[in-house]
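In each ligand, atom 1 is the first atom listed, and ligand 1 is the first ligand listed. Residues take their numbers from the sequence shown, with the count starting at 1. Computed from heavy atoms alone, side chains included, the values below leave out hydrogens, waters and symmetry copies.
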Amino acid sequence: MQKIRATITAIGKYAPERILNNFDLEKMVDTTDAWIRSRTGISERHIAAKGEASSDMASSAFRDLQRRFDVDPKEIDAIVVATITPDMFFPSTAALIQQNIGAINAWGFDISAACSGFVYAMVIATQFVESGRYQKVLVVGSDTMSTITDYTNRDNCVLFGDAASVVLVEPTEDDEHGVIDYLMKMDGSGKDFLYMAGGGSRNPASHETIDKGMHYIYQEGKSVFKFAVSKMAEISVEVLERNALTGADVGLFIPHQANKRIIDACVSRLKLKDKQVMINIDKYANTTAATIPLGIVDGYDQGRLKKGDLLLISAFGGGFTWGSMLIRWSL
Ligand code: UT7
């Protein structure tokens, strides 16, 4: 029996209207536009409106997908949401999106894999489709990072932004296109370097957790940087090599956008040319689960992702988690 292949058949994105640029941040904390641009590559980031949550942004991204592609929400079988900023612990963001977009026949759930969330969610959707059980799986990357960012802490507040992006995964009969392979990894010793300690079962929300700022992201930037640089490059090379491919075969590389210096290191290890690499960190900063699908939509809109191109996506994030996927683009 021929193996069913999964492929991306529709895409959409959303970034909130409000923009916070580096000069705005200069007025909020002891930082400079020059430091932020040279150390991270970021110039500006979008910030959600008050009360605008991850399910709202994801629903807006889905409406963008509907403007571009003819997709009936009633036909969606499942919704897999990658987020570390769910609207609330429960119900899931997937349930809230289901109701917002009218996907009345879908079931779904959220997954927590921080910045690797989109790649993890793509693996789940791919498995669902390849099993033959589901035909239309909506994969969502949505993070409202501004809600867990301490805007008095210059170490972190310059790094993050808010956005959502969605892709639809469906079976394809054509075996030339679609998901080719993926590799996923995790190392729980990373828990000490990147986390949000407050509000969970370890440290339930209390006056003390709030006073100590435990509801904000904690990151040891330098340690995370070292891991990210080596692991994201290693896994990208590994997934290419085990498919007898090299950097030269890649049409577009869309890495997680946490720091331009991490991307540059990965690009030089893969020996890629600038035109093979999607970089949009300057405009959005680190939007966690949304960075890669945003890159997919921007790459597609800019005509840099064409049918038949080999797409390589790679991410590294909290956990630590990391992963890579190879897709022969079919849109
Ligand atoms: O997305 C999930 C995974 N996350 C990542 O991949 C992020 C990985 N880490 C990074 O991207 C980088 O480590 C950062 C961008 C977070 C920091 O860059 P860095 O080159 O590692 O800087 P640093 O933390 O070593 O700080 C260098 C200096 C320090 O001053 P001293 O000690 O040398 O006097 C910091 O206090 O820069 C200072 N600094 C700042 N200065 C101006 C830190 N933040 C700022 C700031 N503005 N916003």
Side chains of [X] and [Y]: is there a donor and an acceptor less than 3.5 Å apart?
X    : Y    : result
S236 : S314 : yes
D110 : T93  : yes
T7   : T172 : no
T85  : D143 : yes

Is [atom] less than 4.0 angstrom from some protein heavy atom?
atom                    : value
atom 24 (O) of ligand 1 : no
atom 29 (C) of ligand 1 : no
atom 41 (N) of ligand 1 : yes
atom 36 (O) of ligand 1 : yes

Determine the interplanar angle of the F128 and F109 rings, folded into 0 to 90°, and report it as parallel if under 30°, tilted if 30 to 60°, perpendicular if over 60°.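 Aromatic pair F128/F109 classed perpendicular.
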Can you tell me which residue and heavy atom of the protein come closest to [atom], and the distance to 0.1 Å?
atom                    : result
atom 38 (C) of ligand 1 : R154 NH2, 3.6 Å
atom 20 (O) of ligand 1 : R39 NH2, 2.8 Å
atom 11 (O) of ligand 1 : N259 ND2, 2.7 Å
atom 4 (N) of ligand 1  : Q219 OE1, 3.0 Å
atom 47 (N) of ligand 1 : T31 OG1, 2.6 Å
atom 17 (C) of ligand 1 : W35 CH2, 4.1 Å
atom 1 (O) of ligand 1  : N286 ND2, 2.8 Å
atom 16 (C) of ligand 1 : L159 CD1, 3.8 Å

For [Y], is there an ion pair with [X] - N to carboxylate O distance below 4.0 angstrom?
X    : Y    : result
D298 : K13  : yes
E238 : K185 : yes
K136 : D72  : no

Name the option, out of T291, V158, V224, that contains the heavy atom nearest to atom 3 (C) of ligand 1. V224
Nearest candidate to atom 9 (N) of ligand 1, where distance is taken over non-hydrogen atoms, out of C115, G221, G41, A34: G221
Part of F225 within contact of ligand 1 (heavy atoms, under 4.0 Å):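 The answer is both.
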Applying a strict 4.0 Å limit to heavy atoms, is I262 in contact with ligand 1?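 Yes, I262 has heavy atoms under 4.0 Å from ligand 1.
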Is the side chain of D33 donor-acceptor paired with the backbone N or O of N22 at a distance under 3.5 Å, no angle test?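 Such a contact is absent between D33 side chain and N22 backbone.
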Looking only at distance, does K222 have an N or O less than 3.5 Å from an N or O of ligand 1? yes
With only distance considered, is T40 within less than 3.5 Å of ligand 1 through an N or O on each side? no
Using a strict cut-off of 4.0 Å, indicate which atoms of ligand 1 neighbour a heavy atom of [X].
X    : answer
D155 : 43 (C), 44 (N)
R261 : 18 (O), 19 (P), 20 (O)
A258 : 1 (O), 5 (C), 6 (O)

Partners of S59 by side chain to side chain donor-acceptor pair (under 3.5 Å), sequence neighbours excluded? N100
More than 12 heavy atoms of other residues, nucleotides or ligands under 6.0 Å from NZ of K283: yes or no? yes
Determine whether D24 and R45 satisfy the following criterion, salt bridge (charged side-chain N to carboxylate O under 4.0 Å, His left out), listing intermediate values before the conclusion. CA-CA 11 Å; D24 298 323; R45 69 282 295 135; over 6 Å; no
Using the ring pair (Phe, Tyr, Trp, His ring centres under 6.0 Å) criterion, which residues pair with Y218? Sequence neighbours excluded. Y195
